[in-house]
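Accompanying notes for the structure given below.
Chain naming here is simple, since letters A, B, ... match the order of the sequence lines and numbering starts at 1 in each.
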Amino acid sequence: GENVEQHPSTLSVQEGDSAVIKCTYSDSASNYFPWYKQELGKGPQLIIDIRSNVGEKKDQRIAVTLNKTAKHFSLHITETQPEDSAVYFCAAWVSDAGGTSYGKLTFGQGTILTVHP
Amino acid sequence: GAVVSQHPSRVICKSGTSVKIECRSLDFQATTMFWYRQFPKKSLMLMATSNEGSKATYEQGVEKDKFLINHASLTLSTLTVTSAHPEDSSFYICSARDTSGIYRGTQYFGPGTRLLVL
């Protein structure tokens with residue numbers, strides 16, 4: 001089955017700096033890669049996702065890149081703010097064209113991001 | 001993004017009682033919902049996949065008779081922890097997959113339920 005490795009496990013940055021979290025996956029059939037942000041005591045919140053037909057996607061300060069050949073994808077947060085502090089999870093999934101696959105998300109181990117004021 | 005609600009957000013119960021947790025997709029239909037368990041400082045552990053109108057598929061090691069799942073409609077799935085014991089104390093999170101529209105395949109999570117069994 002799919003295996004997703006996420007690094008680093010903890011990341012500490014100063015406010016305004018950039019943060020990068022990297023994930024690798026093992027199943028070349030995976031074609032959907034979401035990123036979730038989880039604040040303490042809350043459920044994961046989808047912040048950005050990318051499908052394998054594109055190499056990069058950006059939404060304001062957040063961007064995700066995908067390298068299908070190397071089977072890795074990364075989350076980039078620019079101009080970090082204290083409210084970006086949370087646990088971030090990457091995930092991978094094999095989705096059929098209709099999005100109705102009975103497959104399941106495989107999560108990375110999570111990255112604790114701390115942004116210092 | 002789409003909204004998934006979960007109720008209750010927190011529950012404390014005595015050992016031996018059963019607890020039901022509801023998960024609803026509020027603005028989309030979800031033929032597939034998922035139930036996760038999360039331990040402190042750990043990633044999400046998939047317990048079971050719930051398909052509307054059919055039996056749930058449980059992950060290896062998850063007792064189906066202890067964690068009863070019902071997915072009676074396209075917007076509601078329930079998880080019942082039967083005869084709960086202290087070791088069942090955990091953070092339970094549901095998720096729903098949006099299979100329609102431009103966001104098909106996207107999976108959204110509920111806010112979680114903190115279960116404490118005394």
Where does [X] contact chain B at under 4.5 Å (heavy atoms): side chain, backbone, both or neither?
X	answer
A:Q6	neither
A:P44	both
A:L105	both

* To do: In sequence, state the C-alpha distance, the side-chain angles, and the governing distance for A:F107 and B:Y36, and then conclude on side-chain contact (heavy atoms from CB on, under 4.5 Å).
  => CA-CA 12 Å; A:F107 285 90; B:Y36 294 82; 3.7 Å; yes
* side-chain contact (heavy atoms from CB on, under 4.5 Å) between A:W93 and B:R97, worked out -> CA-CA 12 Å; A:W93 179 45; B:R97 182 172 288 165; 2.8 Å; yes
* Asked: So does A:Q14 have more than 12 non-hydrogen atoms from other groups sitting under 6.0 Å from CD?
  ->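 Buried by this count: over 12 neighbours within 6.0 Å.
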* Heavy atoms from other residues, nucleotides or ligands near CG of A:L40 exceed 12 (cutoff 6.0 Å) ->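 Not more than 12 within 6.0 Å, no.
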Please tell me whether [X] and [Y] are part of a single hydrophobic cluster in this structure, the criterion being side-chain heavy atoms less than 4.5 Å apart.
X	Y	value
A:I62	A:V87	no
A:L46	A:I48	no
A:I77	A:V13	yes

* Asked: How close do A:G108 and B:S43 get, heavy atom to heavy atom, and via which atoms?
  ->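 That closest heavy-atom pairing would be O-OG, 2.9 Å.
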* To do: Could you tell me the separation between the CG atom of B:L44 and the OH atom of A:Y36, rounded to the nearest 0.5 Å?
  =>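 Answer for the CG-OH pair, B:L44 versus A:Y36, is 9.5 Å.
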* Asked: When heavy-atom pairs shorter than 4.5 Å are enumerated against chain A, which of B:R10, B:E59, B:M45, B:Q6 gives the highest number?
  ->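 Answer, by heavy-atom pair count under 4.5 Å with chain A: B:E59.
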* Asked: Could you go step by step and tell me if B:I93 and A:Q38 meet the side-chain contact (heavy atoms from CB on, under 4.5 Å) rule?
  -> CA-CA 12 Å; B:I93 312 172; A:Q38 186 177 27; 3.9 Å; yes
* Any pair counted as side-chain hydrogen bond (donor to acceptor under 3.5 Å, both in side chains), so long as it reaches residues 76-88 of chain B, sequence neighbours left out ->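 As it turns out, the side-chain hydrogen bond (donor to acceptor under 3.5 Å, both in side chains) pairs with a partner in residues 76-88 of chain B, which skip direct neighbours, are B:W35-B:S77, B:S50-B:S77, B:K66-B:D88.
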* Could you note down all residue pairs passing salt bridge (Lys or Arg N to Asp or Glu O under 4.0 Å) where residues 38-50 of chain B supplies at least one of them, sequence neighbours left out? =>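 Checked against salt bridge (Lys or Arg N to Asp or Glu O under 4.0 Å) - neighbours excluded - no pair reaches residues 38-50 of chain B.
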* Asked: Can the ring centres of A:F89 and B:F109 be said to be less than 6.0 Å apart?
  ->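 Centroid separation for A:F89 and B:F109: 6.0 Å or greater.
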